[in-house]
Amino acid sequence: MTLLIIAYLGGALTILSPCILPILPFVFARAGQPFVRSTLPMLAGMVATFALVATLAAVGGSWAVRANEYGRLAAILLLTLFGASLLSPRFASTLARPIVDLGNNLMNASDGGRSAPTIKSALIVGVATGLLWAPCAGPILGLVLTGAALQGANLQTTFLLIAYAAGAATSLAVALLVGGRIFAAMKRSLGLGDRIRQALGAAVLAGVAVIALGLDTSLLARLSYASTASLEQAVLDRLHAKPAGGASAEIASNDVMISDAKKPFRSDLPVEGHAPSLDGAVEWLNSKPLTAEQLRGKVVLVDFWTYSCINCIRTIPYVRAWAEKYADQGLVVIGVHAPEFAFEKKIDNVRKAVGDFKLGFPVAIDNDYKIWRAFENSYWPAGYLIDANGQIRYHHFGEGNYGGTEKAIQDLLREAGSQMTSSAPVAPNAKGVEAGPDLGNIRSGETYLGYEQAANFTSPEGLQADAPHSYSIAEPGLNGWGLSGTWTVCKDQATLDQSGGGITYRFSARDLHLVLGPGADGKPIRFQVMVDGKAPGADHGSDIDADGNGTVTATRLYQLVRQSGTVAARNFEIRFLDPGVQAYAFTFG
């Protein structure tokens, strides 16, 4: 029930995001019409269609992707006709001659004919709107879709998506009610009924154009990068299950040490529940399997991560420093490696990453997500602090709040009996890909190249699933990307079939990273990077030289660009001199 409430509130917050703008004209075109016969069916159709399409997108295969593409084309055509009928009732009447039923529905939808609006016509517009709705994937929708990807198709996923869409529909209904009254007042006072209808028709056509050109997921997504994320995260933090009467688990609240040395120190971090079992790992690195019984009396930091995740990589210097600094005081750090991509399930890949990152603490390889599910976790990275009595006392999701996490570690160690004195928090000298992001200049977000989650693809041939296809580069707008050469695009990655192919991305951030891997034969793959059509020079990342040359030797995240001066929008190009490379995802910092 808590997750349903969270999903509903997350949907309601989308009204504050610019990403909702393209579908507002379709909604406001119902202004002034009966709520039960017009507005409600339209919103219901939008909710049901969005939930169905989002469920298929989260857990379906290539057939679902193709079906959604055809559905979007049909919706664009239908809503174009709808907008045209708003502009001209004569057009709606003309349309009705060859296609009587559709024409009548469009006339009723636009109120251009004499008959009253019908439930059927409103439902048709709602279904079409649901096919085109692509809201910004903030923390709450990300939580729902991550759960779907990890657990597969189930009714819970669909119910959560329905709750999310219902929240958005509720806020849209309120906006429509207010807007309807404004339009009615304008009609009465100014006599502009026909002009208002025509303006709505023009707005509908503009919305269709925005969606057809992909601006709803590029320009508007960029405008919305942080618009509602903080609000959604606040909803998650407030409603995340924890004991009544407990303080927030995000921040350790003991800022002053107790002066009475005879009185045992007691942290007022809340008890969030009993720590679940660590059973279920397919293998342990740096340690024999650890059990809750073996860890009793110790303070334990359980850190969920995956080795190609840029957010996880940037937390590693702090986790590594805490493990070293507090080991003698009774802290045990356990890294739980839960894979996002298939290549991260290969134990040899994880073992190499553990060595590359110089991790000396135990790492449980959770390929089957058993520990992940036991903790009811939904994030990479995520940290849970367990006290000496085996109870979860603190959690933190994502990057940041390092000072608060370290303060919580110190509190629980003192509570467990450590005589440690106060000390300054760790300040690791993170370099290369481990360095923290330049948050003030990030205007590009994580972008997947596999068709399951691909967005903003600009090659004119369109994305073709599971089959070799020749692509060409179009000039992308900001956060658009394309392929050149012959590629096979699969569910979670794109594989280059012939040498000489490349990838182009228009980005705006200090750092650009790309998760790459060699083909099945494991042979190194040479590549060359250009920024704005020339060698990167001082703007090269840690995995290439100043001339842009690099080699893919293992499947991991490669840092390819780090802008050394003023951060600006740049054109990134990478060309592979050998075939077989597998490209997974762009991330930025």
Query raised in the report: Donor-acceptor pair, Q559 side chain versus S542 backbone, under 3.5 Å?
Result: yes
Query raised in the report: Under the ring-ring contact (aromatic ring centres under 6.0 Å, His included) criterion, do F304 and F397 qualify, and how do the steps go?
Result: CA-CA 9 Å; F304 286 92; F397 303 138; 9.6 Å; no
Report task. Please check if the side chain of E461 supplies one atom and the backbone of H469 the other of a donor-acceptor pair under 3.5 Å. Result -> no
Report task. Check whether any side-chain N or O of E344 sits under 3.5 Å from a backbone N or O of F341 as a donor-acceptor pair, and report yes or no. Result -> yes
Report task. Could you tell me whether a side-chain N or O of Y369 sits under 3.5 Å from a main-chain N or O of P339, the two making a donor and an acceptor? Result -> yes
Report task. I would like to know whether N441 and D438 meet side chain to side chain contact (heavy atoms under 4.5 Å, CB included); could you show each step before the answer? Result -> CA-CA 6 Å; N441 285 303; D438 181 5; 2.8 Å; yes
**Report entry** Flag side-chain contact, heavy atom, 4.5 Å: D511 against F588
**Finding:** no
Requested in this report: Report yes if some heavy atom in the side chain of V489 is under 4.5 Å from a heavy atom in the side chain of L449; otherwise report no.
Outcome: no
Query raised in the report: Should the pair W487 and F576 be assigned to parallel (<30°), tilted (30 to 60°) or perpendicular (>60°) ring geometry?
Result: perpendicular
Query raised in the report: Are any non-hydrogen side-chain atoms of N349 and Y307 less than 4.5 angstrom apart?
Result: yes
Query raised in the report: So, S459 side chain and L483 main chain: donor-acceptor pair closer than 3.5 Å or not?
Result: yes
Requested in this report: Can you measure from CD1 (I316) to CZ (R314) and round to the nearest 0.5 angstrom?
Outcome: 11.5 Å
Query raised in the report: Does S444 reach the main-chain N or O of S508 with its side chain, forming a donor-acceptor pair under 3.5 Å?
Result: yes
Query raised in the report: So among L478, T458, N479, which one has a side-chain contact (heavy atoms from CB on, under 4.5 Å) with R506?
Result: L478
**Report entry** Y505 and F586, any side-chain heavy atoms less than 4.5 Å apart
**Finding:** yes
Query raised in the report: For F343 and S308, which heavy atoms make the closest approach, and how far apart are they?
Result: CZ-OG, 3.9 Å
**Report entry** Main-chain N/O of A509 paired to Q563 side chain as donor or acceptor, under 3.5 Å
**Finding:** yes
**Report entry** 4.5 Å side-chain heavy-atom contact, V531 and N571
**Finding:** no
Report summary line: Separation between NZ (K491) and CD (Q453), nearest 0.5 Å, reads 9.5 Å
Requested in this report: Taking side chain to side chain contact (heavy atoms under 4.5 Å, CB included) as the test, write out the residues that go with A454, two or more places apart.
Outcome: L463, W481
Query raised in the report: Heavy-atom distance under 4.5 Å between the side chains of S472 and S484, does that happen here?
Result: no
**Report entry** Aromatic ring proximity Y318/Y402, centre distance under 6.0 Å
**Finding:** yes
Report task. With side chain to side chain contact (heavy atoms under 4.5 Å, CB included) as the test, would you mind laying out the steps for L516 and Y584 before giving the verdict? Result -> CA-CA 6 Å; L516 298 168; Y584 291 84; over 6 Å; no
**Report entry** All ring-ring contact (aromatic ring centres under 6.0 Å, His included) counterparts of H540, not counting sequence neighbours
**Finding:** none
**Report entry** Distance (rounded to the nearest 0.5 Å) between T486 OG1 and D497 CG
**Finding:** 6.5 Å
Query raised in the report: Hey, does the side chain of D366 reach the backbone of W372 with a donor-acceptor pair shorter than 3.5 angstrom?
Result: yes
Query - A546 versus A535, closest heavy-atom pair with distance - result: O-CB, 3.7 Å
Query raised in the report: When you look at L557 and I313, which way does the side chain to side chain contact (heavy atoms under 4.5 Å, CB included) test go after all the steps?
Result: CA-CA 9 Å; L557 182 143; I313 292 171; 4.2 Å; yes
Report task. Please name all residues satisfying salt bridge (Lys or Arg N to Asp or Glu O under 4.0 Å) with D539, sequence neighbours left out, ordered by chain then number. Result -> R570
Query raised in the report: Quick one: which of L496, I574, V581 gives a side-chain contact (heavy atoms from CB on, under 4.5 Å) with I503?
Result: I574
Query raised in the report: Roughly how far apart are R510 CZ and L512 CG, rounded to 0.5 Å?
Result: 12.0 Å
Query raised in the report: What closest approach, in Å, do W305 and W380 show between heavy atoms, and which atom pair accounts for it?
Result: C-CD1, 3.8 Å
Report task. Could you please spell out the steps behind the side-chain hydrogen bond (donor to acceptor under 3.5 Å, both in side chains) verdict for Y451 and D492? Result -> CA-CA 7 Å; Y451 61 72; D492 63 356; over 6 Å; no
Query raised in the report: For D547 and P536, which heavy atoms make the closest approach, and how far apart are they?
Result: C-CD, 4.0 Å
Requested in this report: Would you confirm whether N367, through its side chain, and K345, through its main-chain N or O, come within 3.5 Å as a donor-acceptor pair?
Outcome: yes
Query raised in the report: For T315, which of H396, E399, E434 qualifies under side-chain contact (heavy atoms from CB on, under 4.5 Å)?
Result: E399
Query raised in the report: Do you know which two heavy atoms are closest between R575 and G500, and how far apart they sit?
Result: CG-O, 3.6 Å
Requested in this report: Check for a donor-acceptor pair, side chain of D578 on one end and backbone N or O of R526 on the other, with a separation under 3.5 Å.
Outcome: yes
Query raised in the report: Taking C-beta and beyond as the side chain, do I544 and N549 meet within less than 4.5 Å on heavy atoms?
Result: no
**Report entry** Side chain to side chain, P518 and T553, heavy atoms closer than 4.5 Å
**Finding:** no
Requested in this report: I would like to know whether F507 and V561 meet side chain to side chain contact (heavy atoms under 4.5 Å, CB included); could you show each step before the answer?
Outcome: CA-CA 11 Å; F507 77 102; V561 177; 3.9 Å; yes
Query raised in the report: Can you name the closest pair of heavy atoms from P476 and T504 and give their distance?
Result: CG-CG2, 4.1 Å
